[in-house]
A.B. asks: 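I'd like to ask you about the structure that follows.
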Amino acid sequence: MLARLKDLEARSLALDPGVEARAGLWEAAREYGEAFLQALPEAPAFVLRDRPGAGLADLPIPEAGRPLPRILETLSDQVDGVGANGASGRHLAFIPPSSLFAGALGDLLAALTNRYAGYFFAGPGAVRMENQVIAWLAREMGLPEGSSGNLAAGGSMAHLVGICTAREAAGLRAVDYPRACVYLSDQAHHCIEKALRVAGMAEAPVRSIPSDGDFRLRPEALEAAIREDLRAGLRPWLLVPTAGTTNTGAVDPLEACADLAARYGLWMHTDGAYGASFALTEQGRTALRGLERSDSLVLDPHKGLFTPLGLGVVLVRHLDPLRKAHAFRADYLPSPPEDLEELSPSETTLEFSKHARALRLWLPLQLHGVSAFRAALEEKLLLARYAHERLRALPGVDPGPAPQLSVLAFRFLPGTGDPDAFNQAVLDRLTAEGRVFLSGTRLRGAFHLRLAILAARTHRAQVDEALDRLRTAAAALA
Ligand SMILES: *Cc1c(COP(=O)(O)O)cnc(C)c1O
């Protein structure tokens, strides 16, 4: 047995490289990262290829390890060399991600030191850091002191936490679900209904309220729907306004929503996954007035605060239902989590073995200061207005509604032929070129192009290039 142990130890030591071996690995990884960043200003925003990434199959998971440079070659070609470039300033599609360098460093350090952020006793510093970030975000969003929340892997996961909390607050049981009505606009993100279904509430009636000409939820239509449900003996439960829709960046009238939620006893859970971060700016606070009256809200730092993908936050005004929805006991813990000095993240979500997720945001905030974030967000708002002005000046373009935040939806109006097909052809051409990455959507059935300005590396030059390429592509296709 001892000989076998010795042999196994010797072989398992390969998993833990020493100083010298690490030096080579650090260097190769640093070189890779630095080459990626230095190429970024000219790198494509999208790479269209046949069977993208399929070459990974040529590097099967091996029984014996390989040298890092060979592995990084494949990573570069098959993963980082195909599809959308999530670090490019010319990524203007969907809601673009960014990945600040300091955020990536935060992740690296969190993984390296592997501090546990699920339970206060084991990871007191990491848990306090998480709570500090949540408290700071709640303050920026205008929520009262004592508000709480959770740092989730993304907006969809954060919505699940919010919906379970709202269910707890209303005391809903499975028999109540077919009567528990949910209200949102016809522009709401698909993840709300998905979260309801995952929460086991697929039977809850969802009222998709038609939006107005600016794609905002219409309060009169909302109130009419609530009254009709009350007359029918149903139980209006949850209102999910959107603070910045994915399609057009529209902000629902949050004040009016909060008034109706108060009047009819609904929980207001605001979807600010894309837009809520703009509350860090003065202009954004004006556009988002009423956000601070939410019972809970979601914002995505991996969109609006430029962290690497994998961080969505739910903020909750009422700790009690948040905690009750996720309460647990375990004999293998030294004490029940609620007896500890600080709230533990495992008390506010499904996750338990949780890494120090806060570090990817806390480190950039500490290093750069909040003012740099405010400036970047104000820049994006202004760039959207600038882009809209340029679009308005282009002949043969319907520039779409003035941007409420930083998303534009517009379309070319060709002299002849089907406008939908024409705009799709413009988009396909840009995607094939790969210099700028835009996306499209349907608004009231009509295909529109979208320009979503949120990546940290998007500045005026990137917006100008996108508009120039759009014009050139349209001219070539006309
Ligand atoms: C991105 C987004 C979501 C979903 O968040 P994920 O982080 O992608 O899970 C929800 N709502 C809106 C408005 C979004 O933009």
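Atoms within a ligand are numbered from 1 in the order they appear, just like the ligands themselves.
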A.B. asks: Can you tell me how far the CD atom of Glu203 sits from the CG atom of Asp176, to the nearest 0.5 Å?
C.D. replies: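 The CG atom of Asp176 is 11.0 Å from CD of Glu203, to the nearest 0.5 Å.
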
A.B. asks: Among protein heavy atoms, which sits nearest to atom 11 (N) of ligand 1, and what does the distance come to when rounded to 0.1 Å?
C.D. replies: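 That would be Asp271 OD2, 2.7 Å.
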
A.B. asks: For atom 1 (C) of ligand 1, what's the nearest protein heavy-atom neighbour? Residue, atom name and distance, please.
C.D. replies: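 Its nearest protein heavy-atom neighbour is Lys303 NZ, 1.3 Å.
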
A.B. asks: Assess, by modelled atom type and distance only, whether the side chains of Glu342 and Asn131 contain a donor and an acceptor separated by less than 3.5 Å.
C.D. replies: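 A pair is found: one side chain offers a donor N or O, the other an acceptor, under 3.5 Å apart.
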
A.B. asks: Taking atom types as modelled and ignoring hydrogens, do the side chains of Gln424 and Asp428 form a donor-acceptor contact shorter than 3.5 angstrom?
C.D. replies: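 Per modelled atom types, Gln424 and Asp428 side chains form a pair under 3.5 Å.
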
A.B. asks: Which bit of Cys191 is near ligand 1, meaning a heavy atom under 4.0 Å away: side chain, backbone, both or neither?
C.D. replies: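 The answer is the side chain.
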
A.B. asks: Indicate the ring-plane relationship of Tyr119 and Phe352, choosing parallel, tilted or perpendicular according to the 30° and 60° boundaries.
C.D. replies: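 It falls in the tilted class, 30° to 60°.
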
A.B. asks: Which residue and atom name correspond to the protein heavy atom nearest atom 10 (C) of ligand 1, and how close is it?
C.D. replies: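 That would be His189 CG, 3.3 Å.
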
A.B. asks: Whether the His448 and Asn423 side chains hold a donor-acceptor pair (N or O, under 3.5 Å, no angle test) is what I'd like checked.
C.D. replies: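 There is no such pair between these side chains.
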
A.B. asks: What I'd like to find out is whether the side chain of Arg263 reaches to under 4.5 Å of the side chain of Glu223, using heavy atoms alone.
C.D. replies: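 A side-chain contact under 4.5 Å exists here.
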
A.B. asks: Which atoms of ligand 1 sit under 4.0 Å from any heavy atom of Asp300?
C.D. replies: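 Close to Asp300: 1 (C), 5 (O), 6 (P), 7 (O).
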
A.B. asks: Counting each atom of ligand 1 from 1 as listed, which ones have a heavy atom of Tyr274 under 4.0 Å away?
C.D. replies: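 Checking each atom against Tyr274, I get 15 (O).
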
A.B. asks: CG/Leu48 to CZ/Phe437 distance, rounded to the nearest 0.5 angstrom?
C.D. replies: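 Atom-to-atom, Leu48:CG and Phe437:CZ are 10.0 Å apart.
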
A.B. asks: Hey, is Ile95 one of the residues with a heavy atom under 4.0 angstrom from ligand 1?
C.D. replies: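 It does, in that a heavy atom of Ile95 comes within the 4.0 Å cut-off of ligand 1.
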
A.B. asks: Check contact between Met157 and ligand 1, using heavy atoms of the residue and a distance below 4.0 angstrom.
C.D. replies: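 No, that is not the case, since the closest heavy atom of the residue is not under 4.0 Å from the ligand.
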
A.B. asks: Please determine if Thr242 has a nitrogen or oxygen closer than 3.5 Å to a nitrogen or oxygen of ligand 1.
C.D. replies: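 Checking ligand 1 against Thr242, no N or O pair falls under 3.5 Å apart.
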
A.B. asks: Under 4.0 Å from a heavy atom of Ala273: give me the atoms of ligand 1 that qualify, with their elements.
C.D. replies: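 Matching atoms, with element in brackets: 2 (C), 3 (C), 10 (C), 11 (N), 12 (C), 14 (C).
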
A.B. asks: Which residue owns the protein heavy atom closest to atom 6 (P) of ligand 1, what's the atom, and how far is it?
C.D. replies: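 Looking only at protein heavy atoms, the one closest to atom 6 (P) of ligand 1 is Gly155 N, 3.4 Å.
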
A.B. asks: Give the atom numbers and elements of ligand 1 that come within less than 4.0 Å of a heavy atom of Thr246.
C.D. replies: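 Those atoms are 12 (C), 13 (C), 14 (C), 15 (O).
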
A.B. asks: Atoms of ligand 1 less than 4.0 Å from Gly244 heavy atoms?
C.D. replies: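 Those qualifying, in numeric order: 13 (C).
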
A.B. asks: Among side-chain atoms of Asp259 and Tyr264, is any donor-acceptor pair under 3.5 angstrom?
C.D. replies: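 Side chains of Asp259 and Tyr264: no pair found under 3.5 Å.
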
A.B. asks: Can you tell me which residue among His269, His189, His190 is in a ring-ring contact (aromatic ring centres under 6.0 Å, His included) with His159?
C.D. replies: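 By the ring-ring contact (aromatic ring centres under 6.0 Å, His included) criterion, His159 pairs with just one of His269, His189, His190: His269.
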
